[in-house]
Amino acid sequence: MAIDYDAAMALENLGQPFSWSDREVMLYALGVGMGENPLDLDELAFVNEGYLDPRELKVLPTFATVAAWTASPGHIDLQRHLTVDGERMIEFHAPLPASADVLADSFVASIFDKGEDKGAVITRRTLLRALDGRLLTTIAASQFARGDGGFGGPSGTPNPHHPMPDRSPDHVITLKTRPGQALLYRLSGDRNPLHSDPAFARRAGFDRPIMHGMCTFGMACRAILRTYADFDPLAFVRMGVRFSAPVFPGESISFALWKDGDVVSFEAQVEARAVTVVRQGLAVLR
Ligand SMILES: CCCCCCC[C@@H](O)CC(=O)SCCNC(=O)CCNC(=O)[C@H](O)C(C)(C)COP(=O)(O)OP(=O)(O)OC[C@H]1O[C@@H](n2cnc3c(N)ncnc32)[C@H](O)[C@@H]1OP(=O)(O)O
């Protein structure tokens, strides 16, 4: 069924409650590959509560992407198996605590028609607030619905293009993923069978399950935390990416990073296949 543009744009859902504890925070950090080396004390701080002070547990900023994973303005009828994550942009207004009760407001921000042979790009915006009303994060999540183009909506793009600097990267950080990483990551909320069920992945045109875009996003955050933020989760003001090709669990991802003032630009490659999997990466640091 074609997207009903006016009905979809009117969707909103205000004040949906969510909560998490240190268990969800640690499970998420494990899902994006932290704790592989239990003697790496910098990453251990994200997967292990402090023995002397449990408040020492650090929260990865990109935990925001799963903290209210099921927050939704309402249903849009899409061909689910053909829908992939296209882009993400998060604004970090205040630190996420290691356990919290929050409220989520969700809206449809835009829907662009890329044509019948390409798809539709749907962007949902979610605002996470503490119970006292303080804004914690704003998340703009764009999905590329490959089977739903040509519905007659406006053409355009949700986010401005962020070009990479015209010089060699200042740093390249290569992070390994494990063959079973998506099976662990999905327990943080996104149980889309595209990441776990080989038959479902084949229906979508992939010869095996692909990695969650949000897992790659969390790994980019790890690379930036390590390289430019001294593992301080509070350093992040904003972070965004475009997913330009799928990653398969088990592959190594090389993050190319540039820093100009407070702005980190980044791209990611799976060098073994010579494919750029993340483009237009942007992180603004305090
Ligand atoms: C109801 C169900 C909800 C499901 C929620 C899903 C949540 C998760 O579980 C799903 C996932 O995590 S999927 C994994 C992560 N994502 C991916 O791997 C996608 C990788 N990207 C691609 O495959 C292609 O870029 C692809 C396919 C995205 C686009 O490739 P092409 O068709 O070759 O596009 P191209 O010709 O390069 O460009 C056409 C127009 O689209 C714009 N565009 C390209 N990539 C985009 C992207 N990633 N996001 C947003 N827009 C994008 C281009 O700019 C171009 O626009 P215009 O014509 O206006 O210039």
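Position 1 is the first residue of the sequence, and the numbers go up from there. Both counts, for ligands and for their atoms, begin at 1 and track the order of listing.
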Enquirer: Any side-chain to backbone donor/acceptor pair from Thr137 onto Phe92? Under 3.5 Å, distance only.
Expert: no
Enquirer: Look at the side chain of Trp258 and the backbone N and O of Ser168, then say whether any donor-acceptor pair between them is shorter than 3.5 Å.
Expert: yes
Enquirer: Could you check whether atom 60 (O) of ligand 1 has a protein contact, counting only heavy atoms that fall below 4.0 angstrom?
Expert: no
Enquirer: So between Ser155, Ala141, Gly149, Pro246, whose heavy atom ends up nearest atom 23 (O) of ligand 1?
Expert: Pro246
Enquirer: Is it the case that the side chain of Tyr28 and the backbone of Thr62 share a donor-acceptor pair, with hydrogens and angles ignored and the cut-off at 3.5 Å?
Expert: yes
Enquirer: Protein heavy atom under 4.0 angstrom of atom 54 (O) of ligand 1, is there one?
Expert: yes
Enquirer: Applying a 4.0 Å heavy-atom criterion (strictly less than), which segment of Val84 is in contact with ligand 1: side chain, backbone, both, or neither?
Expert: both
Enquirer: Report the part of Ala245 (side chain from C-beta onward, or backbone N, CA, C, O) that has a heavy atom under 4.0 Å from ligand 1; answer both or neither where that applies.
Expert: backbone
Enquirer: In Å, rounded to the nearest 0.5 Å, how long is the span from CG of Asp230 to CG of Leu285?
Expert: 12.0 Å
Enquirer: Numbering the atoms of ligand 1 from 1, which are under 4.0 Å from a heavy atom of Asp190?
Expert: 7 (C), 8 (C), 9 (O)
Enquirer: I want to confirm something. Looking only at heavy atoms, which of Arg186, Lys118, His81 is nearest to atom 34 (O) of ligand 1?
Expert: Lys118
Enquirer: List every atom of ligand 1 that sits less than 4.0 Å from any heavy atom of Gln143, numbering the atoms from 1 in the order shown and giving each element.
Expert: 5 (C)
Enquirer: Would you tell me which option among Glu87, Arg242, Gln280, Met211 has the nearest heavy-atom contact to atom 46 (C) of ligand 1?
Expert: Arg242
Enquirer: For atom 6 (C) of ligand 1, which of Leu82, Asn192, Ile76 has the closest heavy atom?
Expert: Asn192
Enquirer: Looking at atom 38 (O) of ligand 1, would you say a protein heavy atom lies below 4.0 Å from it?
Expert: no
Enquirer: Protein heavy-atom contact under 4.0 Å for atom 30 (O) of ligand 1?
Expert: no
Enquirer: For atom 26 (C) of ligand 1, state whether the nearest protein heavy atom is under 4.0 Å away.
Expert: no
Enquirer: I need the contact type for Asp85 against ligand 1. Using non-hydrogen atoms and a strict under-4.0 Å cut-off, is it side chain, backbone, both or neither?
Expert: both
Enquirer: Do the charged groups of Asp42 and Lys58 touch, with an N to O distance under 4.0 Å?
Expert: no
Enquirer: More than 12 foreign heavy atoms under 6.0 Å from CZ of Arg208: is that the case here?
Expert: yes
